[in-house]
Amino acid sequence: MPASDEYFFGLKRLHAIFAVSAAALLATTAWFIWDDHDRSWKNYQREYREIDSRLSQWEAVQQLTDEEAARYEESAAPNAPSWFQSEYPGLGKKWLELPIADAFNSPLKVKQVWLPEITQNLHHAQTARIDRCVTCHVGMDRTIAGSGTEPLIANEQTLRLMIDAPAGSAHDTESESEDAATIERTLENTFGFSLAEEGLVDPSAPTVRWIAPDSPAANAFLPAASTAEEQSGEQIRDELSSGRWPDRIPHTIGLKLGDVIVEINGNPVGTATEIEKTLLAGPESDEPIALTIRRGLAAPHASHPRLDLFVAASSPHPIDEFGCTVCHEGQGSATSFEWASHTPNDPQQAARWRSDLDWFDNHHWENPMLPNRFVEASCLKCHQDIDTLRITETQPEPPAVKLVEGFDLVQSLGCIGCHEIGKSESRPRIGPSLKHVGDKLAVSAIMRWVENPHRIRPNTKMPRSFGLTNHLTEQGRADAERFEPIEIRGIAEYLHAAAEPSADTETPTTSSDEAATRGKKLFELRGCVACHRHEDFPSADSDFGPDLSNLEQLLSGEKGHRWLVSWLRNPRQHDPNTRMPNPLLGTSTAGDGNTTDDVADLATYLLRTDNAMPEDAPGFDADALDELVLAQLTKRYDRNTAQRYLESGIPGAGDKPVAGAEQHLVDNATAQNKLRYIGERAIAQRGCFGCHEIPGFENAKPIGVPLSDWGRKPEHQLAFDHVAEHIADQDIEPFHRQAVQQHKRHGFLMQKLREPRSFDHQLMAEKSFTDGLRMPQFDLTNQQREAIATYVLGLVDDQIPAHYRATISDRARIVADGERLLKKHNCTACHLMKPEQWEIAFESGAVIVPWSDPALPAADLDFPEELLAASEEEDADGLLRATVVGMPMVDDFDGGPSVVSEDEDPLEADETYDPGSVYLLFQLWRDAAIEGQLVRSGAAPLMIPGRTVVRKQPAVGGDQTRRLLPQIFEQKQDSGELARGGEAWEFLPPPLFRLGAKVRQDWLIEYLQDPTPIRPKSVMRMPHFSLSREDAVALAKYFALLSDLDPHKPSTARTDAQLAAADAAYREHLKTTQPDTSALPGIRLEHAMKIVADREQGCVKCHQLGATGEKPMGPNLELAYKRLRPEFVRRWIAKPDRIAPYTSMLDNLRYQPDDPKQDGFVVDYYHGTSSEQLEALVDLLMRFDRFSIRRQTTPRAAPDTAKPTSDNE
Amino acid sequence: MYSRLTQLEFLQEVAGFLVGYYLAAALVNIVAASVTWRRGRKTEAVVWSVVAAVFCILAIIALAGRPELVGRLSLPQWFRDTVNLLLSGRQGPIVFSLGSAATLTILFIFRRFFVRPVVALAGMNLALLLFGFAVTDRYFADIVGKPDNIAIVGMLFLFAYVTWLATYKAVLNDERRSRGEPPLEKLDDEEVLVWPDLIYVELIVIVLVTAAIIAWSILVQAPLEGPADVANTPNPSKAPWYFSGLQEMLLYFDPWYAGVVAPTLIILGLCAIPYLDVNKEGSGYYTIDQRKFAYVVFQSGFFMWVGLIVIAVFFRGPNWSFFGPFEAWDTQRLPNMQHVTLAEIFWNSWLGREGPTAPADAGTVSTFGCVLLRELPGLIVMAILLIGVPITLAKTCMNKFRSDMGRLRFAVMGVLFVLMALFPAKMILTWAFDLRAIVSMPEYMLSY
């Protein structure tokens, strides 16, 4: 058929369809252009620019004076860029942001950090890191003007601030003068702040844009944490001694630019006018008004927290060198929220992100961002030396608390006994050695303990390996109940069989009730409670050593008693690696002259007989034993052989010698041997040797998975199996439950720590009892588990260039080593290392400064002038600031902290006081500058009003000592041995504050290795720690360094030549003043000796010197030259309480600066001023060895003249 | 994709999709209603309006923001369990392939009923509803919602539509022919202008397809996965959808055959069709009755190819195991790996002895002889299939064909026909009897 002129489809119809489809194409094209223009990062950048310009404008106005501000307001309007001023017409630079145009030099740009050195592993290659996070997080590194570390925009938080109602509020306006009524009340003139017309992000949010200095707004304060305004005297003193004090104090922080007011007195307010109306309507009373404010902005506009540490250019981790993903993980090259692999920190956040930000869990990116709670894990990449993350002098706020806690837990729980981490060459076994356990524990006691250690000692570190059947089915549970008792019995039998007898144990003396009472007293006062908990002393809760409350359940019977006595005599005889020092217990002499054996008394006390346990081992199920032996044998032999061996033992004379646990069954398969066999197999499988030294397992391989790069383990390789079903109904934090359901690495880890065997859920039907999971269950809190998980997640073994790795300075290394040793030996339980440090902010005159005793010039250290000047400067709130170091004054009535009321009366326990206005008496231990006045450490305490304490750093160490203070006080006051409350310190282990400046290093090294008694007054005695010489040296260096001494510089006394010169000068001096005395060489020290030797007023009145002194109170002076540094001795004699404010030693060389002669102590003994006498005493004491040798070999320089007058000039 | 969400979060996600989906379904029915109304089929129009209203209500429920309500719009659990039981594991592929073959046979036999627009539309509505209800199952949603698989789901609907259209026209033509009328295509047999009737329409289609692809690219992100890792193969590791049928064949045939020989044969076979076809009828119009053999054979091959893709994309999970559509893809499930060859069955199971093996020092010829002897049963079977079957067919039911086509043409057709029929047969043998190969000569890389 020929073609017709007609179209098959009507042309009009086609046109119409074409028009519609063309429009559709245009629409989709416009859509994709818009989609690009509207990408979230562009909006974030636009938003941030707006916020930034507003804030800086407000900031500028804030800095202006009133007139400048007025002028600024007038000129502000024409300041907007006009058509002609702008580089581009009309929209100005916004032209470049329009769709399509924004492809050409748009101000909105993808910003990225290019990190070719810190590569990431993309499997096919180590590739450079490209972090584009700052594309959205634009202001990450911005700080407020003039500060290197204060964030420009803090992370969003809601605060409740109190603002003072204006003076002359509603109820007394009528009595106000006419003038007041005529002036219109505004927010500016009433409260001292004004609100912006437009908020920072949300234009309608009522936002603070200006604050008048020193106005109620600038002085807005955080209310006290406690709602109780008044507290009883007892509460106040308790809180002071427990360190909770400053929580109770309102804290001035002031309103800030950009704060959004959300509520007034708990009522929500929406607009600026509403706020103005509510605030100016006149409050009902003088009570401060509560404002709920929203401070800061949410991500991505907020600055990074801790800019002093991260991101900022001046921080150790500037963004240009580190980027973001090396710490946070995630996909750095992404420019949208959902693809960057953000990870929510809780399910609520996940839901919010999902609905607001289209977030989804992109499991294809193998290393998503770490959830906030685990973020510290990445620190470990570079800070493999964990000591670089600990508190140091330059780093007082620890940067990674959770990670360090995790590391410490992993160390202290003995995880490395089973899991290899890094290249740890040695695996210290954290549990006691079981080499001699046969002497110590009966089979029944071992069984009781192994079955569930927590039942006997709830806080023991030993994990549970038996009875973990929660995840099992009926059948699995029945199996466990049948076989576990056999394994437990087997372990006990094996340990007994393998143990070697230790050195002789001694037969204890008979015990009595009196002995137990004496033992109890010894237990507390000899310092056992510093390491061991005991239910008799609930307030001492050290968990350093084992809890000794139920000791008789383990050390039952006479065997246990014998062992304990010999253990207390010398623990290292039983276990050379034990942490327990030799307590050096001896005999005590009671008032009636009877001597008692301290060791016997302590043992009697610890092994109370009232709930002793049976000693005989219970019976066992012989069939179950055979089944278990068969199951173990079939792992090595075929079934028939195994059956034969089970019945008649393994033939010893076979071709191959029998090795391993099977040796127990050679030729003789008695029940006893089978038990030992099962025991050895059980120990091998359960890995007991990871923590304990067990004979026969010296070279056993650890049983756990190596953890060196566990943090990079692909999630699909983790065998979750059915564990999600197991925990579906358990009470677990939803975050962690979901992490298990979603097969997250950290979900696996947390569940493994929570219930290590639960991954066997529903799998035991196919496994035999002996093939189940083996990790024991540790008794951990959720927080501890998270800390451990943080550490393990950080074990990634990434390739980090060496110069990124954190190294520790020599100085910090010495400190870290020292602190590790202090911790290892629990020194800080007894010794106070650092007193409390309080920061106070006060109005002039609020703190009552004591009068400082004048002292010999030698007593005082130089105080920096600039600190003195700085203490006179007021801060932004008009307050003076001071930092004081010392301890709360010990009161003279009960040995507790000293607090007085406003009227300077001691607090009554039952009466109530306003904690803000009571005076806390603070004993300075270091010189301080208060209001331009230098206050020396020493006798009279500062009186600090409670409200002025802004922050308090607790004392370091000495918890035990401080706990004992009131008791020692009571005891010694009864016996009349102490005059002031503070003197109670003298009976307790000495504070080691500035120890390095006090003692000679060589002496300290020697002393630490072999302590000898020094202080006759002390009720405790330093135990023998058997420190190695290296450890002692490390500690000595540490103490030297803490006292700002060069650890390598030895202390020197005056040389012989110097002494001779001084002696000659003294003889010259004598010739002029006392021509009649014969002045032989050496007379100077002889005269100084007279001061020392005077029994009425001299040193020997209190100090021992050779054989003198009946009941000495102070250390032996004969040995002082070995122990003390001359610099210290000089300061000490000059003014003892400058150094130890609690001391009972008086300043014997009285210093009278007004007296022109300045004659010192009994001039007839030594002719010279106090300062000269001081020098002579120092020379004498520091060269006492010389002096005594000389004295023995040469005739007395000066014959005993008549006894000098006791008059003191 | 959805497995990391909680049930509620998943339902929320799915509800968003269902709103659009049900609205689109309603729109189709509204169009159907308006067309039928205009054509005077008023009862039908009312029915489609009611269906549209039902879909609208479903859309509103999905829009209500109550995920738990959406959860109710699902297939009953017993139904899902039954489907899973039938379609998973060892019997899954057998049930699926035989079931589809049976269904297609029924559809073919009763094609005159099934192609009626009312029935077809009803069927489509049922399919839409089933799909909508199935999507609220997270495992089903996981598979069909994968960005890679969206195109395949769309293709299945498209595939059903074009098959229906062709069959519908063929049925109409066959009916006309039985009444002695010319086929429909003859009626508008006039020639049309290239412009505007062809070019303009093509232009419009180009524009619309471009717009659709732009919209798709904005709405659905490219399905990128994790960085490639030489140490970790994804599980399952799948070819792109258009190759997944070919990948599936690798399970049943020697790689040489499945990857090289078979595709070549398919292409050559398709090329050969015009030279093999001697039927002069059915040219230029749709018909089934006039070329039943050609239609059935071609459609079977086509369906088989689509079926292979569907199996590979939707049913193959981790470890290449077979999973039901409402089942979690459990990485623990291992496929049956104990495959045997025909020679092993023959020598070991039937004769109870080891098959002949050449001694280690045997020469080339004697080794070859041993292999031939071992594979003798398989070789005999193959000879029967490739030579015996065509001859038998020529002598019996295809006698007429043979005489029409001539000997050579029939021989080629016969061999191609047998090879094609062997595809499904071999697959079913593998599934049912673990038969890996009829002839297995790995020594010479020859297996079938």
Side-chain angles (χ1 to χ4, degrees), chain A residues 1-11 14-15 17-32 34-36 120-125 127 331 336 338-339 347 350-351 354-355 360-367 714 716-717 719-722 734 738 741-744 763, chain B residues 1-10 12-13 16 65 67 147 186-219 221-235 318 328 330-332:
Chain A
M1 208 167 128
S4 74
D5 289 344
E6 274 180 46
Y7 300 141
F8 183 76
F9 300 108
L11 201 55
L14 281 182
H15 284 330
I17 295 175
F18 179 72
V20 171
S21 44
L25 182 59
L26 188 70
T28 47
T29 309
W31 183 13
F32 87 66
W34 178 256
D35 198 51
D36 174 73
Q120 54 187 337
N121 182 1
L122 291 185
H123 301 308
H124 54 279
T127 46
Q331 188 170 2
S336 66
E338 64 269 33
W339 289 106
R354 214 184 284 282
S355 66
F360 67 98
D361 179 11
N362 176 14
H363 63 277
H364 289 308
W365 192 256
E366 286 168 4
N367 298 305
H716 63 86
Q717 283 181 12
F720 280 93
D721 293 307
H722 299 280
Q738 283 195 11
Q741 286 163 346
Q742 297 170 357
H743 291 197
K744 296 276 183 198
L763 295 183
Chain B
M1 183 166 64
Y2 297 120
S3 59
R4 293 187 169 217
L5 303 184
T6 63
Q7 180 67 9
L8 224 55
E9 285 165 347
F10 159 70
Q12 239 157 5
E13 298 266 304
K186 274 270 183 303
L187 293 184
D188 35 49
D189 193 13
E190 46 200 329
E191 294 176 357
V192 295
L193 295 168
V194 168
W195 173 267
D197 290 326
L198 178 63
I199 303 276
Y200 203 2
V201 173
E202 280 177 350
L203 177 68
I204 291 172
V205 170
I206 289 170
V207 165
L208 281 178
V209 167
T210 312
I213 287 177
I214 291 173
W216 190 344
S217 69
I218 297 172
L219 291 175
Q221 293 276 355
L224 296 180
E225 297 192 355
D229 181 359
V230 283
N232 272 314
T233 317
N235 188 10
D330 183 357
T331 46
Q332 304 282 327

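Sequence lines set the chain letters: A, B, ... in the order given, protein chains first and strands last, and positions in each chain run from 1.
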To the nearest 0.5 Å, what is the distance between [atom1] on [X] and [atom2] on [Y]?
X: B:Glu13; Y: A:Phe360; atom1: CD; atom2: CZ; result: 10.0 Å
X: B:Glu225; Y: A:Trp365; atom1: CD; atom2: CH2; result: 14.0 Å
X: A:Leu25; Y: B:Leu208; atom1: CG; atom2: CG; result: 8.5 Å
X: A:Glu366; Y: B:Asn232; atom1: CD; atom2: CG; result: 7.0 Å
X: A:Leu11; Y: B:Leu193; atom1: CG; atom2: CG; result: 10.5 Å

Please state whether the side chain, the backbone, both or neither of [X] comes within less than 4.5 Å of a heavy atom of chain B.
X: A:Gln331; answer: neither
X: A:Asn121; answer: neither
X: A:Pro347; answer: neither
X: A:Trp339; answer: side chain

Which atom names give the shortest non-hydrogen contact between [X] and [Y], and what distance separates them?
X: B:Pro227; Y: A:His123; value: O-CD2, 3.7 Å
X: B:Asp197; Y: A:Phe9; value: OD1-N, 3.2 Å
X: A:Ser21; Y: B:Val207; value: O-CG1, 3.3 Å

Checking heavy atoms, do the side chain of [X], its backbone, both or neither come under 4.5 Å from chain A?
X: B:Gln12; answer: neither
X: B:Glu9; answer: side chain
X: B:Ile213; answer: neither
X: B:Leu8; answer: neither

Open item on the list: Just so I know, are the side chains of A:His15 and B:Tyr200 near enough to count as touching, which here means a heavy-atom distance under 4.5 Å?
Closed with: yes

Task: Selection from A:Thr29, A:Asp35, A:Asn362, A:Leu14 maximising heavy-atom pairs under 4.5 Å formed with chain B - done: A:Leu14

Open item on the list: side-chain contact (heavy atoms from CB on, under 4.5 Å) for A:His124 and B:Asp229? Distances and angles first, verdict last.
Closed with: CA-CA 6 Å; A:His124 54 279; B:Asp229 181 359; over 6 Å; no

Open item on the list: side-chain contact (heavy atoms from CB on, under 4.5 Å) for A:Trp31 and B:Ile218? Distances and angles first, verdict last.
Closed with: CA-CA 9 Å; A:Trp31 183 13; B:Ile218 297 172; 3.7 Å; yes

